[in-house]
Amino acid sequence: MKKYIFQNKLLLIITLIFSMIFAIMSALVAILLRDIMDIALLLDLDEFYNGIFNSVFFFLGLGVSYFLYGFFSKKLICKINNSLRDDLFKGIFKKNISDFRSVNSADYISALTNDIKLLEENYFSPLLSVVQGAIIFVSSFIVMFYISPIVSVALIIALVLLIIVPGIFSPFLQEKQNIYSEKLSKLTIKSKDILLGFEIIKSNSMNNHIQSEFQKKSNEVYESKFSVDKLYAFIESISLLLGLVAQVGVILFAAYLIIQGELTAGALLGLVQVSGNITAPIQTLSEETPKIKGMTPIVDRLLLLINYKDMGFLGNQKASFNKDIVVKELNFGYGKNKNVLNNISFRFEKNKKYVIFGKSGCGKSTLIQLLSGHYPNYEGKVLYDNLDLKDVNINSVLEMCAILHQNIYMFDESIKENIYLYKTYTDEQLDNALNTSGVKLFLDGERTLNTETGENGVNLSGGQKQRVAVARALIQNKPLLILDEGTSAIDIKTAYDIENTLLNMEDLTLITVTHYFNHDLLKQYDEIIFMEDGAIIESGSYDSLIESRGDFYKYIS
Ligand SMILES: Nc1ncnc2c1ncn2[C@@H]1O[C@H](COP(=O)(O)OP(=O)(O)OP(=O)(O)O)[C@@H](O)[C@H]1O
């Protein structure tokens, strides 16, 4: 976390300067009080008024320096939080798709919101308080030593206790803080799951069950938070008690010295004031240090996300697709033992058209996800123009493939922005994409390109969303287009037209995964790939497969 603290050096220095000014002025209050009291005891009214007059300016300066310290320290914390959140976000986006999916997305949300907030409250703010306290401590101690060295030594002995005792509780606090963060994360995951399933919950009368599920998670958060707070309360009260004992002990000792004639009453007043300035920072230190240490697991978790390194795809060469994509003896499973793809070998030639058929669950989507660099942990080879996927920068592969799934994600933006995806295109490019995808067919006076799609496209039908996604894929003019049931929700006529147009695009390599077959369209594909249980069991042109009367023939019959 040092990087984030020292990133804003100027702001840090300004904050520390004002912290120092405030600390020194706070310490000097003791001398001011001592002098005023001693003047008062000499019954010199003119000097007394003078002292009061000077104090007004002094306290004004104290107030201003405190305000400026508060202002700059808050700004510093906001900036630190902001950079941390930015880096966390970048870290998440450095992940490859497989690693990203291995964690529930609500966990990321929790890291970006809950954990950042926890860090602000229990790490950065306490850290600044401790630094501020340390400066006040040092300057007050110098003043105290100036007033009475012997009393200063007595106070130091009392303070050692104040530092040692609360530190004992740090490990317990770490554990409880970690549990709290985990429970918060689980509540975020549950909340997301429930809110996404809102309609299913409503229409299946699951309200009571869901409410009790939510309440359970919420209670767990409450209990873990309360458990942390109980320990804080305990540590705080111990610190307070020890602080008071130290302060009162010093005063009693100083009073004894007055009786012995070794100290003036003004000095006692000064000591009372300055001893507060000394015990308070120690108290802060003993309260805040366990908090800061308690955040260690959360800091570690966030740093792990920020410093993520892709251990799957390590290559840095730029991929190309001028000739073919070759898959050699490809084996892959999601779990440890389950083989979803078995020994697949195939060659996809540039600008040819392929359609993959097979029963549900036979591995069609998995195959195309491996082709397009979603999972690194496969056996065998995927070669783009003879270059191994593991040797190329995976982003250069992602840039060449447009994949259209059955479930499309829509940003809460206009239809046009959902097609453009924040890039710019010419009117002609837009027009072509709108025509081929069939988006034009549902645009009318009421629904235009500027119509907002709503959260994940709630304002559009399933088929309309797929058409927007087709337009989004086409406008980018990528050389490889993969349609994974990408037109399944579109009416037969429009879907036919879209597929037909795509099949006639010369500069496009098309891989379609589908359950639906139209013989006219099938005839236009260069090759049909038929899969069963994770293996390609037949491939060839429509005519050759019909003629051979093999598995594909039986499947479509
Ligand atoms: N992310 C995943 N984690 C674990 N198993 C998965 C995952 N995705 C798919 N599977 C499993 O892998 C197998 C192949 O799934 P895949 O989605 O590739 O099949 P498919 O042929 O595309 O099916 P469908 O036609 O129903 O879409 C299935 O048994 C599926 O349950």
Side-chain angles (χ1 to χ4, degrees), residues 92 95-108 189 192-193 196-197 310-313 325 327 329-346 348 353-380 382 389 394 397-398 401-409 462-463 465-466 469-470 473 480-490 492 495 499 510-518 521-522 525 527-539 545 550-552 554-556:
I92 293 170
K95 286 196 160 202
N96 66 46
I97 294 175
S98 156
D99 284 348
F100 177 79
R101 283 189 191 156
S102 66
V103 177
N104 191 307
S105 56
D107 248 351
Y108 299 123
I189 292 173
K192 184 192 134 203
D193 209 30
L196 286 178
D310 188 346
M311 299 311 285
F313 292 112
I325 304 168
V327 173
E329 292 158 13
L330 195 63
N331 287 290
F332 176 77
Y334 290 100
K336 269 191 181 142
N337 302 318
K338 209 168 149 237
N339 247 9
V340 174
L341 295 184
N342 298 311
N343 211 25
I344 289 192
S345 296
F346 198 80
F348 296 90
K353 315 288 185 262
Y354 301 87
V355 58
I356 309 180
F357 271 111
K359 280 188 206 144
S360 180
C362 72
K364 303 181 292 294
S365 301
T366 307
L367 174 61
I368 54 166
Q369 289 189 55
L370 288 193
L371 273 186
S372 46
H374 283 202
Y375 293 98
N377 51 327
Y378 56 82
E379 283 172 17
V382 179
L389 207 59
I394 204 63
V397 172
L398 297 175
C401 308
I403 299 197
L404 250 121
H405 300 283
Q406 200 170 353
N407 298 317
I408 309 291
Y409 187 77
K465 279 201 266 186
Q466 282 192 341
V470 172
L480 174 61
L481 176 63
I482 299 174
L483 286 183
D484 188 1
E485 310 268 351
T487 55
S488 57
I490 304 176
I492 293 176
E499 206 169 324
L510 178 70
I511 304 177
T512 308
V513 173
T514 183
H515 286 286
Y516 161 81
F517 39 79
N518 175 299
L521 290 173
L522 286 184
Y525 280 95
E527 280 198 70
I528 294 168
I529 301 165
F530 188 63
M531 288 182 68
E532 211 171 86
D533 294 336
I536 296 181
I537 54 167
E538 242 184 349
S539 64
L545 291 185
D551 292 300
F552 173 70
K554 284 180 206 138
Y555 181 74
I556 62 166

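Just follow the structure's listing: the first ligand is 1, and inside any ligand the first atom is 1.
Using modelled atom types, one finds no donor on one side chain facing an acceptor on the other under 3.5 Å when comparing His405 with Glu485. Looking at Asn339 and Asn342, their side chains do bring a donor and an acceptor atom within 3.5 Å of each other.
Ligand 1 lies less than 4.0 angstrom from a heavy atom belonging to His515.
With distances taken over non-hydrogen atoms, the option nearest atom 25 (O) of ligand 1 out of Lys364, His374, His405 is Lys364. Between Gly361, Ser98, Gly534, Cys362, it is Gly361 that holds the heavy atom closest to atom 23 (O) of ligand 1.
For atom 9 (C) of ligand 1, a protein non-hydrogen atom is found at a distance below 4.0 Å.
Taking the six-membered ring where the residue is Trp, Phe346 and Tyr354 present perpendicular rings, their angle passing 60° and hence far from 30°. Taking the six-membered ring for Trp and thresholds of 30 and 60 degrees, Tyr334 and Tyr375 have ring planes more than 60 degrees apart, a perpendicular arrangement.
Considering only non-hydrogen protein atoms, atom 27 (O) of ligand 1 sits nearest to Ser365 OG, 4.0 Å. With hydrogens left out, the protein atom closest to atom 12 (O) of ligand 1 is Tyr334 CE1, 3.4 Å, a heavy atom. Among protein heavy atoms, the minimum distance from atom 29 (O) of ligand 1 is reached at Lys338 NZ, 3.4 Å. Counting protein heavy atoms only, atom 26 (O) of ligand 1 is closest to Ser360 OG, 2.6 Å.
For ligand 1, the atoms closer than 4.0 angstrom to any heavy atom of Gly363 are 14 (C), 18 (O), 19 (O), 20 (P), 21 (O). Ligand-side atoms of ligand 1 in range of Val340: 12 (O), 13 (C), 14 (C), range being under 4.0 angstrom from any heavy atom.
Residues Leu370 and Leu389 approach most closely at O-CD2, 3.6 Å, considering heavy atoms. Nearest heavy-atom pair, Leu404 versus Gln466, reported as atom, atom and distance to 0.1 Å: CD2-O, 4.1 Å. Of all non-hydrogen atoms in Cys362 and Asp533, the two that sit nearest each other are CB-N, 3.8 Å.
When ring centroids are compared, Tyr555 and Phe530 come within the 6.0 Å threshold.
Residue-to-ligand polar distances keep Glu485 apart from ligand 1: every N/O pair is separated by 3.5 Å or more.
Contacts between Thr366 and ligand 1, counted as non-hydrogen atom pairs separated by less than 4.0 Å, involve both the backbone and the side chain.
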